Amino acid sequence: MQLGSGTLFFSFIFSLLSSQYGAEVLNNITPSHPLFEGQTLVSPGLIFELGFFSPNRSGNKYVGIWHKDRFPRKVVWVANRNKPLALIDTLASLRISSNGSLELVDGKQNFVWSTNDTIQVSSSNTSSVAAVLSDDGNFVVKEVIGAGESIWQSFHHPGDTLLPNMMLGFDIKNGKSFFLTAWKSESDPSSGIYTTELGRRTDMPAQLIIWINRSIPFWRSGPWDKSKFIGMPNMDDRYLNGFKVDENVEQGTKYYSYNLPEKTLGYLDLSSQGKLKLMYSENGRNWSLNCEAQKNRCDIYGTCGPYGICSISESPICKCLKGFVPKSHQEWSKGDWTSGCVRKTELFCDRQTNKKSVPLQGKKDDNDDGFWKIIRAKVPDYHQYITSLDLEDKFNDCKIQCLNNCSCLAYALVNNIGCLVWYKDLIDIQKFSNGGVDIYIRLARRELGEGNSFKLIACLTAIGLIIILVAIVFSLHRLRANRKESIPTSRDTLREYIGKHDPSELLIYDFDNILTATDNFSITNKLGQGGFGPVYKGMLQDGKEIAVKRLSSSSGQGIEEFKNEMLLISNLQHKNLVRIMGCCVKQDEKLLIYEFMPNKSLDTFLFDTRKRSVLDWATRFNIIQGIVRGLLYLHHDSYVKVIHRDLKVSNILLDEKMNPKISDFGLARIIEGTQNLENTHKVVGTRGYMSPEYAMGGLFSEKSDVYSFGVLVLEIISSKKNISFSLYDQQLGFLAYAWNLWNEDKGLELVDETLGGSYSSSEVLKCVHIGLLCVQDNAVDRPTMADIALMLSREKDGPQPKMPVFTIQNSAYHPRPHSESINSSKNEASITMIEGR
Ligand SMILES: *[C@@H]1O[C@H](CO)[C@@H](O)[C@H](O)[C@H]1NC(C)=O
Ligand SMILES: *[C@@H]1O[C@H](CO)[C@@H](O)[C@H](O)[C@H]1NC(C)=O
Ligand SMILES: *[C@@H]1O[C@H](CO)[C@@H](O)[C@H](O)[C@H]1NC(C)=O
Ligand SMILES: *[C@@H]1O[C@H](CO)[C@@H](O)[C@H](O)[C@H]1NC(C)=O
Ligand SMILES: *[C@@H]1O[C@H](CO)[C@@H](O)[C@H](O)[C@H]1NC(C)=O
Ligand SMILES: *[C@@H]1O[C@H](CO)[C@@H](O)[C@H](O)[C@H]1NC(C)=O
Ligand SMILES: *[C@@H]1O[C@H](CO)[C@@H](O)[C@H](O)[C@H]1NC(C)=O
C-alpha cells in the first residue's frame, strides 16, 4: 500500500485568505456574527476548520470542512457542493437566517444554500441559535440556551467522506438514509456517479456496496463477520476493534461506523473514481493509506459474470466454477467474461422437479447432488442467512438445509456469522490468497467425478470431513506402534493420499525447488530447531518467502506429528493461525512448508532484554486478543473442535505487523462435540504450560488449552518465564506470586518494568484477572475461550480467581517426582517449529 495517488487526489489551492496565516478564527457563527471569506470556524481542539475554499483551477468557490493541520488537505464535507459560488464573489457569507436556519448567501444576498430544516425554536427569538464545529468534524446548528439540542448537523448529511463516529446506513421508520456520494472529479465537488451505501435493505448480515448511478453495483464488501468484511481480507487488523455494524431489526435501523484510537485522525473516502479508502494520520501531519476497497480487476463487481470465479494471481483472471462452461466461448476467449458461465450437467434436483413437477422431498439418500468446495473465497452476492441452526453440528445442518431445498445453489458456514445460503445466480465470487471463507457449490454428482459408488460417497460427504478427520487421527493414533508406516513419496500418489484425506488444496512442492529455495538447507537459513527437526527460511523462485520444517530423516519419530499437522492445519483457516502452504515428501525427506513469519516467535521478543521493549502495551494487548481469537476458533468456531495441547510463547509467531499466529499443530487433537475430556497414556506438552489434570492424569480438554493460555497471558504481561521464575527470598511459583499480587490489589506490579508505566491499567488488570482465572487448579473453574473473549470486550466480568495451589507445589523449587514421566520434560522445547532463537 502506498500513499501515491492520495497526494494527487486532494490537491487544491485553497481560496486566497482562508488558509493563510492571519485568517480570522471564529469559534461559532451567531445571528449577529456571520462567517465571511477570510474567516474560518475552528473546532475547540483545533482539529477541524470550516471556511471558503476553491478547488484547483475550478473557478468555483465552496464552503467546506477540512482537518486543520494535515496535508495534503482533504475536504471532508462541502455545504453547497451542487451550487458553487463564483470565485470572484468575495462578499458571500454563511449566516443564521431570521427563522433560525443556517444559510449561505452570495454577495448580493441571494440564497445559495441552506440547512433547509424547519426550525423548532420559538421563532420570536433566533438570537439563541449558533453554529459550531465540533472536534470530531461535525458542523452543528443548535440552541445555545436551554437543552442545547442540535437542530441540524452535517453528520446527517454526508458528502464523500465518512469520519470516525459518523454513520453510514439507514433508519427505515424515519425514512432516513445516510450514504456517501463521490465528487464528480477531483476538482469538482458536485455529486458524481458513485455512491456507497450499507447494504441492500434485506442483506443480513450487512455489506457495503458502491453503486454507479445508484443502480449498477460497482463493488461490494461481502458480509460483515462482526470484525471485518469477508471481501476485504486485507483490512488492517490494527484498527478493527473500532469498526462496527449496529443492526436493529425491530427498529429498522442499520448503521456502520468506526472510531480510531485516541490521537489518530482518519477518514474513509469515496473517490471520484469510485474507490473507497481509509486514510489515517497518527503523529505527523501527513496521511497514509490504511486500506482500500478495490485494488484490482477482481474487486470490480461481477467481472467474471454469473458462476465465474476471479483470481488475480491467475491468467486469465476469470474461470468458470467447476461443473460450468462459458456461456459464450467467443466472448470469453476475447476476455469479456461478464456473460458468465452455465451449468454442464443439470442438477438431479432439477431433473426430478421437471419430471415429477413436485419439489423433491424425503430422505437425503435419494438426492443425487453434491457440493464442491472452494477455499479462501469472497462469497457471492445475494446471500441469505439461516437463523435456525442445530448448534451441535452446525456444519452438517447448514449443508443439509441447503441440500433439502432445490433452489439452494451454495452454502457456507462462516465464523461469527453462521450459515449463509444462496438462491440466486452466483455472482461476484473471488478467490483470495489469504483470508476469505470456504463455500460449497451445489453440483450434479457426476460433475464431482466421484464415480459410481455414489451412495457410499453421498453418505461420506454427508457425515462430512469431521468423521473422516476424526477417523484419520484416531487410526493414526492406533498406528503409533508402527512407526515405519510410510507416506507415499511419488508426486502423484502423494497427491492422491492428500486428496483422499483432505479435499482442500494443499500444494505439493518439488523437492529440488525447496533445495534451491533454502540454499541446500544451509545453516545460514536455519530459523530454529524444533523437537523433531530444524526449520529453515527459504525463498521461492517467485520471490515468496517460506518457512520449511524438515523432519530429521534419521529419526523415526515425528511421522505421526507430520501427518497430523499436515491434515489438520490445512483444514483450519484463521488469521491468527499459521498457514500451511504445502508439503513435500521425497524418500526419507518429509517437509512442511509454511508462510514465513518475519518477526519469528514471541519468545524472541518477550524474553530478550533488549528486544522486549519493542513490545509496548498496545502490541502485547493486541497479541493477547489475537491468541484469544485463534483459540476461540479452534475450540468453538471451526467445524471440528481442536485442542492444541502445546500452547506456549515459542509457538506464537508474529507477522510483519506483530499480529500473533498460533503455530505447531503436531500435537493437536480433534475431539468430538459432546465428548469433552480425553485420556491419553502418553503425556506430551511443555513443562510450565501443562494443566494439573493433564500433567498428572493425562486428561486433556479445551480447559487444558485454557490453562496454557493463562500462563501465556501472565508471561506476556510480565516478560517473565513461568518455568524459570525466582524471587530472592520467597520460594514461590510464578503463578502463585501473580495471584498474591492480585490478591493484595497490586496486580499492576506484575507488568514488565520496561513498559515504564505507559499502559492502560484497566486493560492490564483485566488481562491479569483473565490469566489467573485460566490457571485455576480445577478445570471446571476455568472460563472457556468464549467467556474470555467476552471479558476482554468488557461485556462480562469474571469471578474472583482461586489460588492456584498446584503450581506452588510444582514450582521450579519443588519438582514433583512424576515429572520424570512427562514425555518431553527434558527441556523447554517439546516439538517445536518455525521459531528462531
Ligand atoms: C493544480 O493546478 C496546478 C497549477 O495550475 C497544476 O500544476 C496541478 O497539476 C493541478 N492539480 C490538479 C490535481 O489538477
Ligand atoms: C425563512 O423564512 C422566510 C420568510 O419568513 C421564508 O421565505 C423561508 O423559506 C424560510 N426559510 C426556511 C428554511 O424555513
Ligand atoms: C430546500 O432545498 C431545495 C433544494 O436544495 C430548495 O429548492 C428549496 O428551496 C429548499 N427549501 C428551503 C425552505 O430552503
Ligand atoms: C432572546 O434571547 C436573548 C438571550 O439569548 C435574550 O437576551 C433576549 O432577551 C431574548 N429575546 C426575546 C424577545 O425573548
Ligand atoms: C450514469 O449516468 C450518467 C448520466 O445519467 C450516464 O452518462 C452514464 O453513462 C451512466 N453510467 C452508467 C455506467 O450507466
Ligand atoms: C509530508 O508531506 C509533505 C508534503 O507532501 C512532504 O514534504 C513531507 O516530506 C511528508 N512528511 C512525511 C513525514 O512523510
Ligand atoms: C427454498 O427456499 C426458497 C427461498 O428461500 C423458498 O422460497 C422455498 O419455499 C424453499 N423451498 C422449500 C421446499 O423449502
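Nothing here was measured: the structure is a model prediction, and the numbers come from that model. Both counts, for ligands and for their atoms, begin at 1 and track the order of listing.
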Going by the angle between their ring planes, with limits at 30° and 60°, are W113 and W77 parallel, tilted or perpendicular? perpendicular
Is at least one protein non-hydrogen atom found at under 4.0 angstrom from atom 7 (O) of ligand 5? no
Any protein heavy atom nearer than 4.0 Å to atom 13 (C) of ligand 5: yes
Please write down residue, atom name and distance for the protein heavy atom closest to atom 9 (O) of ligand 5. N213 ND2, 4.8 Å
Is there a protein heavy atom at a distance of less than 4.0 Å from atom 2 (O) of ligand 5? yes
Please determine if K424 forms a cation-pi arrangement with Y382, meaning its NZ or CZ atom is less than 6.0 Å from the six-membered ring centre and no more than 45° off the ring axis. yes
Show which atoms of ligand 5 fall inside a sub-4.0 Å distance from at least one heavy-atom site of I212. 13 (C)
Is the backbone of F348 close enough, under 3.5 Å, to the side chain of D369 for a donor and an acceptor to pair up by distance? yes
Answer with yes or no whether the side chains of W152 and H157 bring together a donor and an acceptor at under 3.5 Å. yes
Give yes when the SG atoms of C304 and C310 are nearer than 2.5 Å, otherwise give no. no
